[in-house]
Asker: 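I'd like to ask you about the structure that follows.
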2 protein chains.
Amino acid sequence: MGKRHISLKDLAEELGVSISTVSRALKNHPDISAELTQKIQQLAHERNYVPNPLAMGLLRQQTKMIGVIVPDIVTHFYASIISGIEEIANQHGYFCIISSSGESFQKEVESVRNLLKARVEGLIVCLSQGTKEFSHFNRLIETEIPLVFFDRVPSGLNVPTVTVDGVSAVKSIVHHFYENGCRRIAYISGPEHLSITQNRNRGFREGVAECGLPFEEDLLVSCNMSPGNANAAAKKLLAQPKLPDAIFGINDTVAFAAMKEIKRQGLKIPEDIALVGFTDEFHSTVVDPPLTSVTHPTFEIGKVAAGLFFKLIEKGGSFSENIVLQTELVVRESSKKKR
Amino acid sequence: MGKRHISLKDLAEELGVSISTVSRALKNHPDISAELTQKIQQLAHERNYVPNPLAMGLLRQQTKMIGVIVPDIVTHFYASIISGIEEIANQHGYFCIISSSGESFQKEVESVRNLLKARVEGLIVCLSQGTKEFSHFNRLIETEIPLVFFDRVPSGLNVPTVTVDGVSAVKSIVHHFYENGCRRIAYISGPEHLSITQNRNRGFREGVAECGLPFEEDLLVSCNMSPGNANAAAKKLLAQPKLPDAIFGINDTVAFAAMKEIKRQGLKIPEDIALVGFTDEFHSTVVDPPLTSVTHPTFEIGKVAAGLFFKLIEKGGSFSENIVLQTELVVRESSKKKR
DNA sequence: TTGAAAGCGCTAACAC
DNA sequence: GTGTTAGCGCTTTCAA
């Protein structure tokens, strides 16, 4: 099978010089004569020499690896954020190891352990839906291993985070509904313990208040964000004696499920019920009618999170910064009552 | 910032024994006395000792890393395959480094180089759309570094591959159309040089022949699989004097684009035109009408590819196997002309 | 039953 | 200018 990679030693032997000479020549050390340097670099190139990162890592105690934990990798939202992270990581000569928690607390804990075993230099994570307690990050925090959270972030932990301004985003949705003549605005929310849910709920209440509408308990239902569960929530809303004239789904999965149920019941979107989602997929334009939705700056979130990570690497972990990005409301057919 | 990780040496010093004793005790070497072993393991556990993979890797010349190159990570199709790969990889104690070629040949070449630099033990790859030439894999093949391809595989290279039976899949689509009364079956195909395109094209021609229909050049148009380009292709089909009564889109992106155009022109699906896609996204159920589509066993593809990879690792690269998986036609509203 | 030493590939301080 | 050496963390002969 042959030797797969050649080492400094191989080069040194072939040229009859010492290993350190080769090492120096390869980094253009001024001590080495121009000819020798030239000759060595030439051979290294021919032989396709690449320094062994394992050796370097051992020496410098760094793996150039970032662990990334997401609830799930097959969602466009996370996949896109990961792309952003990788872009910045690669620019710094780092690689990412992606680990999916599958929305399970248990798997998240395991991911942390495994990634640490692999000696990643730090972690960038979005909490799983099942995570309500953060002690599995204690070791990182104590030993000041770089740790950045995005989107779903822990409460009460003094760590760098990147989130999106959910309060403003949902407020603008409510105002948008209002401007389109909606007065019974319903909301299918998510699990209470998630930071994103809390923010969006607050945005909803404040938005409704700002529009001078009464807050009606019946118009706020929760679900676990699965399609089936979201469908049940939509059914509940549509079973009310006085129908809502607008529904906001906490994410696109939820909005899609609601759309299906609304249509199934023979109601028209947006005429009977206006519908707006919160982007985690990118198929808003494919459904009928096209779904008005808040756009996450996903790629940006990833880049910013990675940026924070490298600040942490450089500054040695002793800083915290909470970055909040803005979203954009993209209005499509599903919410345009006025013409 | 404190010491992040502790080593055998730390343990040895604390206990006043030698490093090798600790090393042996940790792997239950029979030479070490039961008490000492017990004591050492106890301390190791307390101190959260984890062997340094860098040191192990250097020693054994292995990184336990697999490089995975996909055209793009934000597509459900690839993301799901990656999950499958990671499942098997993790079972073997391996991690994956994902690299996205962005459908660009140039970036694919770079990815190969970077991954090799990082000393992955091998590569699992799906070719980019821009790749028509495979010399960037030569070094891997010559040095017998494990290399597995899936879905879009190179022609003429004797390497293990995992693909899907596109010929049968498309044949069954054509038959399905035929059974639903369609007689002018159109096809929006992809780039000619891709193996998947070739297979699906063959399936289309054979299927049409099997149904006893004439093959009409005008009913086969190609696109580069981007939404815009697919839309143009659909327009071309719909501009024909004699409209097709069925359209097959080579993937879901293409089918979605066609659906939009068909609707825009005021035509009904499936009454006027039946529509079928080939799954790379999972929103077939969200569009209106729900899209009949061929389902890829994506997770399975990933698992099988990883399985092949580990065979290669074990057998030292000297084997090749081409696995073909079957797809499933999931019939939804978009193609049901009969009731 | 345990310890010492070499070596995986590399860098850097220290010779000469 | 170039070579020697120690050491990063670990396993594994070889000694004791």
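Chain letters run A, B, ... following the sequence lines, proteins first, then strands; residues in each count from 1.
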Asker: Going by heavy atoms in the side chains, are B:Val159 and B:Val153 under 4.5 Å from each other?
Answerer: no

Asker: Rounding to a whole Å, what distance do you find between B:Asn28:CG and C:dT1:P?
Answerer: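 Atom CG in B:Asn28 sits about 15 Å away from atom P in C:dT1.
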
Asker: Can a salt bridge be assigned to the pair A:Glu121 and B:Arg4 using a cut-off of 4.0 Å between side-chain N and carboxylate O?
Answerer: no

Asker: Side-chain donor-acceptor contacts of residues 27-35 of chain A below 3.5 Å, not counting sequence neighbours, with atom names and distances?
Answerer:
from, atom 1, to, atom 2, distance (Å)
A:Asn28, OD1, A:Gln41, NE2, 2.9
A:His29, ND1, A:Asp31, N, 3.1
A:Ser33, OG, A:Leu36, N, 3.3

Asker: Looking across every strand, which nucleic acid part, if any, lies under 4.0 Å from B:Leu54 by heavy atom: base, sugar-phosphate, or nothing?
Answerer: nothing

Asker: Tell me whether the OP1 or OP2 atom of D:dC10 has a side-chain N or O from B:Ser23 closer than 4.0 Å.
Answerer: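 Checking B:Ser23 against D:dC10: no side-chain N or O falls below 4.0 Å of OP1 or OP2.
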
Asker: Return the value, rounded to whole Å, for the distance between atom CD1 of B:Ile19 and atom C1' of C:dA6.
Answerer: 13 Å

Asker: When the distance from NZ of A:Lys9 to C1' of C:dC8 is rounded to whole Å, what number comes out?
Answerer: 9 Å

Asker: May I ask you to verify if any side-chain N or O of B:Gln61 is less than 4.0 angstrom from the OP1 or OP2 atom of C:dG9?
Answerer: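 The answer is yes; a side-chain N or O of B:Gln61 sits under 4.0 Å from OP1 or OP2.
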
Asker: On DNA chain C, check which nucleotide each of A:Ala55 and B:His29 is closest to and give me the residue with the more 5' one.
Answerer: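 Residue closer to the 5' terminus by nearest nucleotide: B:His29.
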
Asker: Between B:Arg24 and D:dT13, is there a contact of a side-chain N or O with OP1 or OP2 at under 4.0 Å?
Answerer: no

Asker: Expressed in angstrom and rounded to an integer, what is the separation of B:Leu26 atom CG from D:dG9 atom P?
Answerer: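 Spelled out: CG on B:Leu26 to P on D:dG9 is 16 Å.
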
Asker: Any side-chain N or O of B:Ser33 less than 4.0 Å from the OP1 or OP2 oxygen of C:dT2?
Answerer: yes

Asker: Do A:Gln106 and A:Ser104 have side-chain atoms, one donor and one acceptor, less than 3.5 Å apart?
Answerer: no

Asker: Would you kindly compare B:Arg119 and B:Ile32 by the position of their nearest DNA chain C nucleotide and give the one closer to the 5′ end?
Answerer: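 Checking each residue's closest nucleotide, the 5'-ward one belongs to B:Ile32.
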
Asker: Hey, does B:Asn52 reach any base, or is it just sugar-phosphate, or nothing, if we go heavy atoms under 4.0 Å?
Answerer: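 Touches sugar-phosphate only.
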
Asker: Does OP1 or OP2 of D:dT12 have a side-chain N or O of B:Arg60 closer than 4.0 Å?
Answerer: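 Yes, because at least one side-chain N or O of B:Arg60 sits under 4.0 Å from OP1 or OP2 of D:dT12.
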
Asker: Side chains of B:Ser7 and B:Asp10: donor-acceptor distance under 3.5 Å anywhere?
Answerer: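 A donor-acceptor contact under 3.5 Å links the two side chains.
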
Asker: Hey, does the side chain of A:Lys27 come within less than 4.0 Å of C:dT11's phosphate (OP1/OP2), counting only N and O?
Answerer: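 Yes, such a contact exists.
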
Asker: Measuring to OP1 and OP2 of C:dT2, would you say a side-chain N or O of B:Thr21 lies under 4.0 angstrom away?
Answerer: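 Checking B:Thr21 against C:dT2: no side-chain N or O falls below 4.0 Å of OP1 or OP2.
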
Asker: Please report, rounded to the nearest Å, how far the P atom of D:dG7 is from the CG atom of B:Leu58.
Answerer: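 Distance check: B:Leu58 CG to D:dG7 P gives 17 Å.
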
Asker: So, A:Thr298 versus A:Ser80: side-chain donor-acceptor pair below 3.5 Å or not?
Answerer: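 Side-chain D/A pair, A:Thr298 to A:Ser80: present.
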
Asker: In this structure, how many angstroms lie between the P atom of C:dA13 and the CG atom of A:Asp31, rounded?
Answerer: 12 Å

Asker: When you measure from the side chain of B:Met56, which nucleotide among D:dC10, C:dT11, D:dC8 comes out closest?
Answerer: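 So the nucleotide nearest the side chain must be D:dC10.
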
Asker: Would you mind classifying the nucleic acid contact of A:Pro30 as base, sugar-phosphate or nothing, using non-hydrogen atoms under 4.0 angstrom?
Answerer: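 Here A:Pro30 touches no strand at all.
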
Asker: Write down the distance between CG (B:Leu11) and C1' (D:dC10), rounded to a whole number of angstrom.
Answerer: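 The answer, rounded to whole Å, is 13 Å.
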
Asker: Can you tell me how far C1' of C:dC10 sits from CG of A:Leu59, to the nearest Å?
Answerer: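 Taking atom C1' of C:dC10 as the reference, CG of A:Leu59 is at 6 Å.
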
Asker: Checking contacts here: which listed nucleotide (C:dA5, C:dC10, D:dC8) is nearest the side-chain heavy atoms of B:Ser20?
Answerer: C:dA5

